Each structure stands twice: as structure tokens, then as C-alpha cells.
Amino acid sequence: MLQPPLNHLDASGWLERHFRQPPLQLGVMASGNGSNFEAIAQAIDERRLNARIAVVIYNNPEAGVATRAAKRQIPAILLNHRDYKRRDHLDSDIVAALKQHSVDWVIMAGWMRRVTETLIQAFPGHILNIHPSLLPSFPGLHAVEQAIAAGVKITGCTIHHVVLAVDSGPIVAQAAVPVYPDDTPEILQQRIHQQEHRLYPHGILLAASQ
């Protein structure tokens with residue numbers, strides 16, 4: 001199995017070996033604007049990640065990620081959670097769509113719904129999420145607001161494997177972001193997003209190499 005480099009001196013050769021392997025087949029799940037989707041797609045374009053986004057699943061009819069996917073001619077499937085009475089029924093349709101497109105890694109990029117065992121068992125150890133805090137601090141909703149309220153000086157973002165308990169799966173990678181005294185949630189969120197966009201492609205690469 002391809003192992004990540006121990007230091008930056010090994011990185012070039014390791015990435016070259018990564019590109020000799022078949023590309024990762026990604027299924028991206030998103031609820032919003034899709035900026036992390038775009039960051040992953042750009043990393044693929046720039047040959048920093050040997051992968052292909054096979055399909056995008058989105059649950060919000062107004063989600064900007066659908067427009068981003070269309071521009072890249074990537075299939076985007078709307079599975080509106082409001083049409084489902086049970087979460088596992090939604091996840092069953094998500095699994096069917098992902099498998100139809102031969103996905104091997106599921107990438108949650110701003111997916112604002114809790115998932116069930118139905119999805120987790122279909123892709124064991126192959127579902128990643130990104131969260132806007134340095135987990136285990138500030139899990140769940142409103143992580144940025146929680147960080148400001150707690151008065152911390154450093155927060156950040158975390159890529160982790162998805163398990164049933166929210167934001168508690170094994171951590172793949174983290175990036176730190178300073179918190180300044182005059183930060184608003186919106187300003188801090190922007191700085192965290194910048195690190196998310198840098199970190200997520202790298203985290204996918206690390207997770208797939210383990």
C-alpha cells in the first residue's frame with residue numbers, strides 16, 4: 001500500500017507514485033455553495049490529487065454546488081431530505097446513487113445532515129468529513145460561534161472519518177487558524193474556509209494512503 005512521505009524531501013517522489021495508481025473515484029456530498037468541492041476539483045486539475053469526482057449529491061434545491069458541478073460537466077443528483085420521512089431512507093438512495101457511479105470514497109463537503117449506519121456500512125472507512133474546528137473541541141453545529149464564545153486563541157478545521165456519533169471519527173488531518181479579538185463569526189469562518197480548501201485535497205490523499 002502506498003504510504004505518505006515522512007518529510008517534505010520525499011513528497012515529490014511519493015506524489016509521483018500516487019499518480020501511477022488508478023484515480024480515486026470520489027462522490028461529493030454537499031448542501032451549500034460548494035467551495036470545498038471546487039477546491040478538490042482544482043487540486044485534481046492541478047495534479048495535486050489523483051482522483052475523479054464521479055458524482056455530486058446535494059440535498060438543497062438552491063445549493064450552489066449544483067451549478068459548480070454543471071460547469072465541470074459532473075453529474076449532480078438532488079436528493080431533497082424534505083422528501084423523506086426517515087434518514088435511513090434518504091441514505092439508501094444516496095448509497096444507490098454513489099454505487100451507480102462506482103464511487104469508492106465519499107467526501108462530505110458541507111453536508112448539513114446527520115448520516116445513518118446505512119451509509120456508513122456501505123462505505124466502511126471510506127467516508128470523510130471536514131469540520132470547522134480543531135476536534136474534539138467544538139463538535140456539532142455553530143462551531144465557529146462556539147470558538148468565539150469560549151475565547152480561544154486558536155481554532156481551525158479537521159478532516160475526519162465519519163462514524164455514527166457526530167464529529168467523533170478518527171482524525172486524518174488538521175489545520176490551525178488564529179482567533180483575533182475583533183473577529184466576527186463571518187470573518188473567522190472566511191479564514192477557516194481558506195484552510196479547509198488547502199487541507200481537504202491533502203486529507204483525501206492521506207486517508208487513501210492509509
Side-chain angles (χ1 to χ4, degrees), residues 3-8 10-11 14-15 18 24 26-46 48-49 51 53 56 63-65 68 105-115 120 125-210:
Q3 295 296 320
L6 297 177
N7 58 61
H8 72 282
D10 302 324
W14 179 72
L15 193 60
H18 164 65
L24 306 172
L26 309 182
V28 174
M29 296 171 57
S31 299
N33 183 49
S35 63
N36 272 309
F37 157 82
E38 192 69 37
I40 293 166
Q42 287 181 3
I44 295 170
D45 291 345
E46 296 167 4
R48 291 183 284 116
L49 176 63
I53 300 176
V56 172
V65 70
R68 292 180 185 266
W105 279 90
V106 181
I107 308 301
M108 294 184 177
W111 181 257
M112 303 305 293
R113 307 296 300 173
R114 293 187 64 173
V115 300
I120 293 170
H126 282 64
I127 307 175
L128 299 178
N129 182 50
I130 192 160
H131 182 75
S133 78
L134 293 175
L135 292 173
S137 298
F138 314 126
L141 296 174
H142 310 301
V144 175
E145 290 85 352
Q146 290 182 61
I148 291 175
V152 298
K153 303 303 181 185
I154 297 175
T155 185
C157 53
T158 302
I159 299 167
H160 64 94
H161 289 277
V162 173
V163 298
L164 196 58
V166 173
D167 298 329
S168 63
I171 291 172
V172 175
Q174 293 182 304
V177 175
V179 182
Y180 300 122
D182 58 348
D183 271 343
T184 65
E186 293 75 19
I187 291 173
L188 180 56
Q189 183 74 72
Q190 288 177 5
R191 283 208 306 283
I192 293 173
H193 272 320
Q194 291 174 358
Q195 290 302 310
E196 288 180 351
H197 300 162
R198 180 191 64 82
L199 187 68
Y200 217 166
H202 180 64
I204 294 169
L205 197 57
L206 285 177
S209 70
Q210 294 172 353

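Because the structure is predicted, anything quoted here is derived from the model rather than measured.
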* Asked: Do the side chains of Met112 and Leu141 get nearer than 4.5 Å, heavy atoms only?
  -> yes
* Flag side-chain contact, heavy atom, 4.5 Å: Val115 against Met108 -> yes
* **Counterpart residues, side chain to side chain donor-acceptor pair (under 3.5 Å), relative to Arg198 (two or more places apart)** => Gln195
* Asked: Restricting to pairs with a member in residues 133-142, which pass side-chain hydrogen bond (donor to acceptor under 3.5 Å, both in side chains), not counting sequence neighbours?
  -> His131-Ser133
* To do: Please list all pairs passing the ring pair (Phe, Tyr, Trp, His ring centres under 6.0 Å) test where one or both residues lie in residues 145-186, with sequence neighbours left out.
  => none
* Structure fact -> Residues pairing under salt bridge (charged side-chain N to carboxylate O under 4.0 Å, His left out) where one sits in residues 145-174, two or more places apart or in two chains, turn out to be none
* Under 4.5 Å between any side-chain heavy atoms of Ile107 and Tyr200, yes or no? -> yes
* Sequence neighbours excluded, which residues qualify as side chain to side chain donor-acceptor pair (under 3.5 Å) partners of Thr158? -> Gln174
* Residue pair Asn129, Trp111: steps toward the side chain to side chain contact (heavy atoms under 4.5 Å, CB included) verdict -> CA-CA 8 Å; Asn129 182 50; Trp111 181 257; 5.6 Å; no
* Sequence-distant partners of Gln146, side chain to side chain donor-acceptor pair (under 3.5 Å), two or more places apart -> none
* Residues in side chain to side chain donor-acceptor pair (under 3.5 Å) with His126, at least two apart? -> none
* Derivation and outcome, side chain to side chain contact (heavy atoms under 4.5 Å, CB included), residues Leu128 and Ile204 -> CA-CA 8 Å; Leu128 299 178; Ile204 294 169; 4.0 Å; yes
* Inspect the surroundings of CG in Leu164 and state if more than 12 heavy atoms from other residues, nucleotides or ligands are less than 6.0 Å away. => yes
* To do: With sequence neighbours left out, write down each residue that passes salt bridge (charged side-chain N to carboxylate O under 4.0 Å, His left out) with Glu186, or none if nothing qualifies.
  => none
* To do: Check the pair His193, Glu196 against side chain to side chain donor-acceptor pair (under 3.5 Å), reporting the backbone distance first and the verdict last.
  => CA-CA 5 Å; His193 272 320; Glu196 288 180 351; 2.9 Å; yes
* To do: List the steps, then state whether side chain to side chain contact (heavy atoms under 4.5 Å, CB included) holds for Arg191 with Asp183.
  => CA-CA 10 Å; Arg191 283 208 306 283; Asp183 271 343; 2.5 Å; yes
* **Residues which pass side chain to side chain contact (heavy atoms under 4.5 Å, CB included) with Ala51, listed by chain and number, not counting sequence neighbours** => Leu24, Leu26, Ile44, Leu49
* Contacts of Ala149 that satisfy side chain to side chain contact (heavy atoms under 4.5 Å, CB included) - sequence neighbours left out -> none
* Heavy-atom side-chain proximity of Val177 to Leu188 below 4.5 angstrom -> yes
* Taking the side chain as every heavy atom from C-beta outward, state whether Thr155 and Ile192 have any pair of such atoms under 4.5 Å apart. => yes
* **Listed once per pair and sorted, the salt bridge (charged side-chain N to carboxylate O under 4.0 Å, His left out) pairs that draw on residues 31-46, sequence neighbours left out** => Glu38-Arg68, Glu38-Arg72, Asp45-Arg72, Glu46-Arg48
* To do: Decide side chain to side chain contact (heavy atoms under 4.5 Å, CB included) for Cys157 and Leu199; before the verdict, give the C-alpha distance in whole Å, the side-chain angles of both, and the deciding distance to 0.1 Å.
  => CA-CA 8 Å; Cys157 53; Leu199 187 68; 3.9 Å; yes
* Could you pull out all residues at least two apart from Val166 that satisfy side chain to side chain contact (heavy atoms under 4.5 Å, CB included)? => Arg114
